[in-house]
Amino acid sequence: MILCTTARTVLRLWEERDRSTFHRLNSDEEIMRFFPFRRDRAQSDAAMSALNQRYQEDGLTFFALEDRASGHAIGFLGLANVEKPMPMAPAVEIGWRLLPEYWGRGLVTEAASACLALAFASPMDAAEIVSFCVDGNDRSKAVMLRLGFSRGADFDHPAVDAATHPHLVRHRLYRLARHAWLHTPR
């Protein structure tokens, strides 16, 4: 199932052929630099299946981000419900992760823009989308700003153990209201 396509990307459900890429997205040290966990292959396989199931349940998930030129998954991007104990809950978040060899090409910005257009259109008609990242994640912050997000309140992520990962606790929150998105020239 394909959610949407852009000039260079496709957002679609995960397929069996994506399992090794999904595992890399969840275990590679460079990719996971700003996350306090790494998933082994069995955990990644379970998480990938859960993402497709989540879409069946509530229509939101982190989709496979496919490179149209090669037809291969190169990351993920999508929407998810944010729940307590996150301080901005309830909310809908947009998030992404990308293989390093595709960084710096504008692919996340391109695909996220298409995803936001869907989120702010009927039938979803979201009032606001949030995004957040570790304070030092300059690449993600730059994408959020290019998409038109504005900075919200910083917060300490409740799921990150400060004793084990003190540099990953502080997060920056960004917000994008539907009216701001609709009135920004593209």
- Task: Using the rule that two of Ile, Leu, Val, Met, Phe, Trp, Tyr join whenever any of their side-chain heavy atoms come within less than 4.5 Å, decide whether I2 and W14 are in one cluster.
- Result: no
- Closest non-hydrogen atoms of S131 and I94, given as atom of the first, atom of the second and distance, are OG-O, 3.0 Å
- Note on the structure: Rounded to the nearest 0.5 Å, the SG atom of C133 sits from the CZ atom of R172 at a distance of 8.0 Å
- Would you call D125-R178 a salt bridge at under 4.0 Å N-O? yes
- Tell me whether Y55 is reachable from L79 by hopping between hydrophobic residues (I, L, V, M, F, W, Y) whose side-chain heavy atoms are closer than 4.5 Å. yes
- Task: Salt-bridge test for E101 and R24: reply yes if a basic N is under 4.0 Å from a carboxylate O, no otherwise.
- Result: yes
- Message: Are M86 and V169 linked, directly or through intermediate hydrophobic residues, by side-chain heavy-atom contacts shorter than 4.5 Å (ILVMFWY only)?
- Response: no
- Query: Step by step, would you call R97 with N26 a side chain to side chain donor-acceptor pair (under 3.5 Å)?
  - Reply: CA-CA 9 Å; R97 203 174 294 165; N26 288 282; 2.9 Å; yes
- Is there side-chain contact between F35 and H165, with at least one heavy-atom pair below 4.5 Å? no
- What's the shortest heavy-atom distance between T61 and L51, and which atoms? OG1-O, 2.6 Å
- Task: Verify the cluster assignment for L168 and F132: are they in a single hydrophobic cluster under the rule of side-chain heavy atoms below 4.5 Å apart?
- Result: no
- What class does the angle between the rings of H157 and F155 fall in, given that below 30° is parallel, 30 to 60° is tilted and above 60° is perpendicular? tilted
- V82 and E93: which non-hydrogen atoms are nearest, and at how many Å? CG2-CB, 3.4 Å
- Message: So that I can tick it off, tell me whether R139 and E30 are bridged by a salt bridge, with the cut-off set at under 4.0 angstrom between side-chain N and carboxylate O.
- Response: no
- Message: Going by ring-ring contact (aromatic ring centres under 6.0 Å, His included), name the pairs with one or both residues in residues 65-115, residues two or more places apart or in two chains.
- Response: F62-F76
- Query: Are R41 and D45 close enough for a salt bridge, meaning some N to O gap below 4.0 Å?
  - Reply: yes
- Item | Lys/Arg-Asp/Glu bridge criterion (N-O < 4.0 Å) met for D67, R105 | no
